[in-house]
Structures are given as C-alpha cells and as structure tokens.
Visitor: 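Next up is a structure, given as structure tokens.
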Protein chains: 2
Amino acid sequence: MILFNHMVEYQEQGDSTFRALADPTRRRMVERLSQKPCTVGELAEPLSMSFAGASKHVGVLEAAGIVRREKRGRERLCILQPKALFEMRDWVERYSRFWNARLDALDQALKEDSDE
Amino acid sequence: MILFNHMVEYQEQGDSTFRALADPTRRRMVERLSQKPCTVGELAEPLSMSFAGASKHVGVLEAAGIVRREKRGRERLCILQPKALFEMRDWVERYSRFWNARLDALDQALKEDSDE
DNA sequence: GTTATGTTCAACCACTGGGTTGACTAATTC
DNA sequence: GAATTAGTCAACCCAGTGGTTGAACATAAC
C-alpha cells in the first residue's frame, strides 16, 4: 500500500521536528528567532537560563533542521531554517484536509446507520 | 506589545497539541483515525499495545482536542476532531511565512554587512 | 601573554512520560 | 444471574529529557 508507506516515511522524517517543537521553551526560541538571528547568549537571557541549557536547546533545534548555527567570532549566530517547519505544516495540512473530506462522509454514514 | 502577547497566547493554546503530536505512537493513531473512527481496542491492536496504554494515549489526544471519545455500547469510539490540528497548522504557517520574508531581507543584510 | 567572554562538554539531579500489570466498572452474551 | 468483553484507574518501572554546575576551549580585548 503505497500511500501508507509514504505516510510512515513522512512521519519518521518529521519526528525530530515534532519533538523539537513540543517544548514551549524551544517554541519561544523559535519565536525570538523569527524576529532576527540571535547568539546563544541572546537566546538564553530572556529565558533566564544558563548558556549551557540554551545551547542544548539550540542543539535539538539544529538536529531537527529548524535552526542553523554559524560561527561568528567567538559567538554562534543561530539562524532559522524554515524548511523543516514547512514540512511539518505540510504533514498537518495533509491530514486535516483528509479529515475534512472524511468527516463529511462520516456524518452522512452515521446518520444513515442510525436510520436503519 | 500586542503582537508578542498574541504569539504567546497562541503558543500556550497550542501547547497540548504540540506535545500530543510529538509522540510517534500518537501520530500513528491519528493516521489510523484519519481512515475511519476506531475503538480503543482497534487502536491498540496494530500497535501491539495494552488497552490501558492505548487508552492513555487517546486521553492525551482528547485533552488536546484532537480526538473525541463517544460511548457506544461498552466500547468507546474515537473520532478525529480536526480543529486543534488546523490551529497548529496555522501556527506553523504563521511563522514559516514570517521567516520567508525575513530570510530574504537577512540574506541581503548579511551580504551588505560583509561588503563593508 | 594574560585576562575576560561566549560557548560547549560532561556529569549529574529531578521530573515527566511511555509502557506495563492488576484490580475495578460497565455493558454484552449465554 | 454468571461469565465474558471493552475500557478505565492506580500504582509502579524505566528511559528520556530539561535543567543545573563546573571544567575545558576558543576567540577577543587589554
């Protein structure tokens, strides 16, 4: 079943993205980074968090392909990389669209079912 | 700063949704449910998981508003509720769109910066 | 070269969360 | 009514993770 294989593949691919964005701290970082690229320190400060902690979070975002780290002197500039996010949006879009069609059909089916 | 408040609110609201979909098992359930509504047992079986385990997962999806549980005789029918997913898609869409515009401007700025 | 700054690494702690099992409830079947 | 089936609840176990601190490293500043 081609369709199913494709779904699974898609899911595996997006796994790190979903997990990365599951943490509210990391989502806040993403929001911050959507304004402009920041150094690790700049990301840590408003969260009142240690450099090491922030660095770990950035590592997770980086592994998910959401953020790219660029050496800049002795500091690291974190830059958003929207590709992974687009993929995630597509995943969600795919299913929500699918459901919409299904749900209409389902409501219909349930009604007919309860009529018998 | 109205915009920021709005973002945060949006994030808090979507928190349960993001966390719910962070788990691959629950994403597989969502995929399954996108085909047709299933009982808890039907969800548990293909994952070779206990009823209790599956029930917990459904509980998480239900708390996030992704799934609705409907009593049907002695079994519970789980039905997809796409609203939360749409909201999540919108969240991602908002940021990825925002970034796209930003990234263009940034590339430009960085180039000009390195020219100086 | 020495000192200060930005970041990472390693070890560690506390907590969450996915999973199980076993007891319990509710509906179904005989 | 007794036995079976679907599901939930509570307690528990283990792995993963968010966070810390302290040491190490690289770059910048003096």
Side-chain angles (χ1 to χ4, degrees), chain A residues 8 11-12 14-33 36-80 113-114, chain B residues 11-12 14-33 36-80 113-114 116:
Chain A
V8 169
Q11 165 205 325
E12 301 296 338
D15 191 57
S16 57
T17 308
F18 273 102
R19 263 218 305 273
L21 288 181
D23 182 60
T25 301
R26 276 183 307 257
R27 283 205 304 283
R28 246 181 274 169
M29 286 183 167
V30 165
E31 289 168 2
R32 187 92 197 279
L33 288 174
K36 64 167 176 27
C38 300
T39 67
V40 174
E42 285 170 340
L43 285 177
E45 178 247 334
L47 301 169
S48 57
M49 176 183 298
S50 66
F51 278 69
S55 180
K56 265 165 99 174
H57 278 302
V58 172
V60 174
L61 290 170
E62 194 177 32
I66 299 175
V67 152
R68 177 170 50 96
R69 238 182 296 200
E70 199 171 274
K71 242 183 125 169
R72 222 173 185 210
R74 68 182 151 185
E75 45 190 32
R76 310 291 167 97
L77 202 61
C78 305
I79 307 173
L80 269 179
D113 222 38
S114 59
Chain B
Q11 165 204 322
E12 302 296 337
D15 191 56
S16 56
T17 309
F18 273 102
R19 263 218 305 275
L21 288 182
D23 181 61
T25 302
R26 282 190 294 266
R27 283 206 304 284
R28 245 181 275 169
M29 285 183 166
V30 165
E31 289 167 1
R32 187 90 197 279
L33 287 174
K36 66 169 176 25
C38 299
T39 67
V40 174
E42 285 170 340
L43 285 176
E45 178 247 335
L47 301 168
S48 56
M49 176 183 298
S50 68
F51 277 69
S55 181
K56 265 165 98 175
H57 278 302
V58 172
V60 174
L61 290 171
E62 195 178 30
I66 299 175
V67 152
R68 176 169 51 93
R69 239 182 296 199
E70 199 172 275
K71 239 182 127 173
R72 224 176 182 208
R74 70 180 151 187
E75 45 190 29
R76 311 290 167 97
L77 201 61
C78 305
I79 307 174
L80 268 179
D113 221 39
S114 60
E116 285 168 13

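What you see below is based on every heavy atom in this structure, not just the backbone, and it leaves out hydrogens, waters and symmetry mates. Each chain gets a letter, A, B and so on, in the order the sequences are listed, and its residues count up from 1.
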Visitor: Using every non-hydrogen atom in the two residues, find where A:R32 and A:P46 come nearest and quote the distance to one decimal.
Guide: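 Smallest interatomic distance, heavy atoms only, reads NH1-CG, 3.2 Å.
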Visitor: Report the distance from atom CZ of B:R74 to atom OG1 of B:T39, rounding to the nearest 0.5 Å.
Guide: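 The OG1 atom of B:T39 is 11.0 Å from CZ of B:R74, to the nearest 0.5 Å.
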Visitor: Can you see which heavy atom on A:C38 is nearest to which on A:L33, and at what distance?
Guide: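 The answer is N-CD2, 3.5 Å.
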Visitor: Give a yes/no answer on whether the side chain of A:R19 brings an N or O atom under 4.0 Å of OP1 or OP2 in D:dG16.
Guide: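 No, outside the criterion.
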Visitor: Please determine if a side-chain N or O atom of A:T25 lies less than 4.0 Å away from the OP1 or OP2 oxygen of D:dT17.
Guide: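 Looking at the OP1 and OP2 atoms of D:dT17, neither is under 4.0 Å from any side-chain N or O of A:T25.
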Visitor: Within the pair B:H57 and C:dG17, is there a side-chain N or O less than 4.0 Å away from OP1 or OP2?
Guide: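 Answer no for this pair, as no side-chain N or O of B:H57 is under 4.0 Å from OP1 or OP2.
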Visitor: Starting at CD of B:E70 and ending at P of D:dA6, how long is that distance when rounded to a whole Å?
Guide: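 Nearest whole value for this atom pair: 19 Å.
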Visitor: How close do A:R68 and A:E62 get, counting heavy atoms only, and between which atoms?
Guide: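 In terms of heavy atoms, the two residues are closest at C-OE2, 4.5 Å.
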Visitor: What nucleotide, of C:dT7, C:dC9, D:dG18, holds the atom closest to the side chain of A:V40?
Guide: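 Minimum distance to the A:V40 side chain belongs to C:dT7.
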Visitor: In the structure I gave you, are the side-chain heavy atoms of B:M29 and B:L47 within less than 4.5 Å of one another anywhere?
Guide: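 Yes; the side chains approach each other to less than 4.5 Å.
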Visitor: Please give me every residue in residues 42-51 of chain B whose heavy atoms get under 4.0 Å of an atom in DNA chain D, ordered by residue number.
Guide: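 Only B:F51 qualify.
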Visitor: Nearest-Å distance, CZ (A:F18) to P (D:dT17)?
Guide: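 Whole-Å distance recorded here is 17 Å.
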Visitor: Does a nitrogen or oxygen in the side chain of A:S55 sit under 4.0 Å from OP1 or OP2 of C:dT7?
Guide: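 For C:dT7, neither OP1 nor OP2 has a side-chain N or O of A:S55 closer than 4.0 Å.
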Visitor: Roughly how many Å is it from CG in B:L21 to C1' in C:dG18, rounded to a whole number?
Guide: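 These atoms are roughly 16 Å apart.
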Visitor: Just do the side-chain contact (heavy atoms from CB on, under 4.5 Å) check on B:V67 and B:I79 with the steps written out, would you?
Guide: CA-CA 5 Å; B:V67 152; B:I79 307 174; over 6 Å; no
Visitor: For a quick check, with a 4.0 angstrom heavy-atom cut-off, what is the B/S/- contact string for nucleotides 25-30 of chain D, read 5' to 3'?
Guide: -SBS--
Visitor: Check whether the side chain of B:K56 and the base of C:dG17 form a donor-acceptor pair under 3.5 Å.
Guide: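 Side chain to base: no pair below 3.5 Å.
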Visitor: Quick one: does A:R19's side chain have a donor or acceptor within less than 3.5 Å of a partner on B:A22's backbone?
Guide: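 Not a single qualifying donor-acceptor pair exists.
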Visitor: Might you point out which heavy atoms bring A:L61 and A:A20 nearest each other, and give the distance in Å?
Guide: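 Heavy-atom minimum between the residues: CD2-CB, 4.2 Å.
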Visitor: At 4.0 Å (heavy atoms only), tell me whether B:G41 reaches a base, stays on the sugar-phosphate, or touches nothing.
Guide: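 The answer is sugar-phosphate, as B:G41 gets under 4.0 Å only of primed atoms, P, OP1 or OP2.
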Visitor: In whole Å, what is the span from the CZ atom of B:R27 to the C1' atom of C:dG18?
Guide: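 Taking CZ of B:R27 and C1' of C:dG18, I get 14 Å after rounding.
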Visitor: For A:R26, what residues pass the salt bridge (Lys or Arg N to Asp or Glu O under 4.0 Å) criterion, not counting sequence neighbours?
Guide: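 Counting only residues at least two positions away or on another chain, A:R26 forms no salt bridge (Lys or Arg N to Asp or Glu O under 4.0 Å).
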